[in-house]
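Down below is the structure, laid out as structure tokens.
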Amino acid sequence: MSKERSSNEVADQLAELTRGSVEVLNLAELKKRLARGDTLRVKAGFDPTAADLHLGHTVLMQKLRQFQQLGHKVLFLIGDFTARIGDPSGRNETRPALAPEEIVANAETYKEQAFRILDPDLTELHSNGEWMESMTAAGLIELAASTTVARMLERDDFSRRYKGEQSISLHEFLYPLIQAWDSVQLRSDVELGGTDQTFNLLLGRELQRANGQEPQVVMTMPLLEGTDGVQKMSKSLDNTIGITEPPAEIYGKVMSISDTLMLRYYELLSDVGQEFVVELREGKHEAMEAKKRLASELTGRFHGEDAALAGAEEFARRYQRGQLPSEIPEWEWQGSDSEVRICDLLKASGLAKSASEGRRLVRQGAVKLDGKKISDEMAPVAAQGKVLIEVGKRRVLVVKFDR
RNA sequence: GGAGGGGUGCCCGAGCGGUCAAUGGGAGCAGACUGUAAAUCUGCCGGCGUACGCCUACGGAGGUUCGAAUCCUCCCCUCUCCA
């Protein structure tokens, strides 16, 4: 049913689709498929354990969205089966197998979150348990026979671990193999992934070719650095900006990234034209203003314009005018004593992890009670009415005493 | 099957009988500065106790010793080389 595209049309699509990508393997094949007028089946795999989508994921999601906007179909694969193996790019951690209910629940949260960006009508949701659960040991042996150890050791992290005398468990080799097999099962035309996925994606091509399919085109996207500006954004490193976080939170986090990182975020996340980014790099725009613009854009993308404005207002209020947040969480003290020591209160309310930490914070002058700095770690707090506690610049809480 | 390296706090990594809750770096937290930026400087950084202190910790279990992360035995994990 495919209708051929004109060469202009193909060139336009190609330019749009490859923008921002690190590598396309290979370009000629992508061009050929576009020219044929195919509706491309575009695969991307996601881990079922972390259904909290963050900006790092959105780099890929935006790209998928672009494919959809051109009428192509997204194969959204949840790697429930591969999740048993562990992090493909990390250390040797084996994750516990997920219960079927958990997978279903996670898939739901994915739908809810991913479809803030993707078009549900042009998305097929899959999980690789669909074909892996029923694979026999014989099937797995056959699959494992399709590649070699030397080939596996070409993968960057494997080779690094091997040379560094770190252990590599045999089953870790199955991750790329299964991911590649997924491509065969889904008959994908294109697979998208981060640059750390290159090896796995290429293996998909090999397996497809071996199974009589036209090998998928591989497209890698840059990995987004987390808020620390160095390591890739990942939940386990606690450097993420999640798309479901409150607008003020997203806005604030974006505002606090470094200027260098801001350039990167502009490049990878913003819809703002490339000219602006270039000018920004040349110092033609005020950094602070540019950062506000970015913060508004990203906040608005997931929560709407009004929320972005509110986020900006909240930011100005808290950090530029140094005022308290407009909404302060309340917490109720459970206890019958007529007074509480500040260090115990900090611990009980969760503002400090332990009484020791609470004491340390007081000693360092980080704690304010109703706006007044406290210096005595043992200072008693009358257990009456409400008390406002500030710890550092970020942690604020109203403690309610119910007596 | 044999020989030899390793397993230390969130991470990396010293220590190799007492002075070790354990050097150093990174991360993190707090303070100063600022644009909640970067860079820099300062302090903190196992838990509990107002404090003298106590408890838990150096892969696991025993043992030697007045005393062990440090020595011995067994076990587990891991790496390299040989077969």
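Residue numbers begin at 1 in each chain, while the letters A, B, ... track the order of the sequences. Nothing here was measured: the structure is a model prediction, and the numbers come from that model. Heavy-atom basis, side chains included; hydrogens, waters and symmetry copies ignored.
- Which of B:C48, B:C29, B:G35 sits closest to the side chain of A:A287 comes down to B:G35.
- Residue A:G229 is out of contact with every strand shown, counting any heavy-atom pair closer than 4.0 Å.
- Taking atom P in both B:G15 and B:G9, one finds a spacing of 16 Å when rounded to whole Å.
- Comparing the same atom, C1', in B:G7 and in B:A57 gives a spacing of 15 Å after rounding to whole Å.
- Of the two residues contacting RNA chain B, namely A:K347 and A:G365, the nearest-nucleotide position lying further toward the 5' end is that of A:G365.
- Separation of the C1' atoms belonging to B:C48 and B:U40 is 36 Å when rounded to the nearest angstrom.
- Neither side chain, A:Q216 nor A:E29, offers a donor N or O lying under 3.5 Å from an acceptor on the other.
- When heavy atoms are screened at a 4.0 angstrom cut-off, A:K353 is found touching no nucleic acid atom at all.
- Listed candidates were B:G31, B:G49, B:G35. Nearest to the side chain of A:K291 is B:G35.
- When each of A:L223, A:D156, A:L201 is checked for a side-chain contact (heavy atoms from CB on, under 4.5 Å) with A:T195, only A:L223 meets the rule.
- Distances from the side chain of A:S354 to the nucleotides B:G49, B:C48, B:U50 place B:C48 closest.
- The pair A:E279-A:K284 does not meet the salt-bridge criterion, since no charged nitrogen lies less than 4.0 angstrom from a carboxylate oxygen.
- One can place CD of A:E357 at 9 Å from P of B:A30, the figure rounded to the nearest angstrom.
- Note: CG (A:D344) to P (B:G49) measures 6 Å, nearest angstrom.
- Of all the heavy atoms in A:D119 and A:R65, the pair that sits closest is CB-NH1, 3.4 Å.
- A gap of 42 Å separates the C1' atoms of B:C29 and B:G63, to the nearest Å.
- For the P atoms, the distance from B:U70 to B:C58 is 9 Å, rounded to whole Å.
- Here B:A30 presents its C1' atom at 16 Å from CD1 of A:I374, a figure rounded to the nearest Å.
- For a distance-only test at 3.5 Å, the side chain of A:R341 fails to qualify as a donor-acceptor partner of the base of B:G49.
- When rounded to the nearest whole Å, the span between NZ of A:K393 and P of B:U36 equals 9 Å.
- Phosphate contact (OP1/OP2 of B:A30, side-chain N/O of A:R394, threshold under 4.0 Å): absent.
- Counting heavy atoms from C-beta outward, A:M219 and A:K63 have side chains that approach closer than 4.5 Å.
- A:T260 has no side-chain polar atom (N or O) that falls below the 4.0 Å cut-off from OP1 or OP2 of B:A38.
- Note: A:F158 and A:F173 meet the aromatic proximity criterion, with ring centroids under 6.0 Å apart.
- For RNA chain B, if you chain together Watson-Crick or G-U pairs that step i with j, i+1 with j-1 and so on, the runs of at least three with distances under 3.5 Å are B:1-7 with B:76-82, B:10-12 with B:24-26, B:28-32 with B:40-44, B:46-48 with B:53-55, B:59-63 with B:71-75.
- Checked by distance alone, A:Q364 brings a side-chain donor or acceptor within 3.5 Å of a matching partner on the base of B:G43.
- Side-chain contact between A:E124 and A:R41 is present, with heavy atoms from C-beta onward closer than 4.5 Å.
- The aromatic ring centroids of A:F276 and A:H285 lie less than 6.0 Å from each other.
- Taking atom CD on A:E390 and atom C1' on B:G31, their separation rounds to 15 Å, with Å as the unit.
- Taking the C1' atoms as reference points, B:A3 lies 23 Å from B:C16, given to the whole Å.
- Across all strands, A:E377 comes closer than 4.0 Å to no nucleic acid atom at all (heavy-atom distances).
- A:Q213 is listed as a side-chain neighbour of A:R187, based on a closest heavy-atom distance under 4.5 Å.
- The separation of B:A30 from B:U23, taken at their P atoms, amounts to 23 Å, rounded to a whole angstrom.
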Can you build the contact string for nucleotides 77-83 of chain B? Use B for base contact, S for sugar-phosphate-only contact, and - for no protein heavy atom under 4.0 Å. -SSS---
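- Residue A:D228 is the one, among A:D228 and A:R360, whose nearest nucleotide of RNA chain B lies closer to the 5' end (criterion: closest heavy atom).
- At distances below 3.5 Å, not a single donor-acceptor pair connects side-chain atoms of A:R205 with backbone N or O atoms of A:E214.
- Side-chain atoms of A:W181 and A:N128 include no donor-acceptor pair closer than 3.5 Å.
- Sorted by first and then second residue, the pairs that involve residues 211-264 of chain A and meet ring-ring contact (aromatic ring centres under 6.0 Å, His included), not counting sequence neighbours, are A:Y251-A:F315.
- In this structure, CD of A:E289 is placed 10 Å from C1' of B:G35, rounded to the nearest angstrom.
- As a whole-Å value, the separation of A:M288 CE from B:A38 C1' is 13 Å.
- Straight-line distance from the CG atom of A:L351 to the P atom of B:A30: 12 Å, rounded to whole Å.
- Among the atoms of the strands shown, only primed sugar atoms or phosphate atoms (P, OP1, OP2) are found under 4.0 Å from some heavy atom of A:R395.
- For the C1' atom pair drawn from B:C10 and B:C44, the interatomic distance equals 16 Å after rounding to whole Å.
- Across all strands shown, A:I257 has heavy atoms under 4.0 Å from sugar-phosphate atoms exclusively, and none from any base.
- Taking every side-chain heavy atom of A:A355 into account, B:G49 is the closest of B:A32, B:G35, B:G49.
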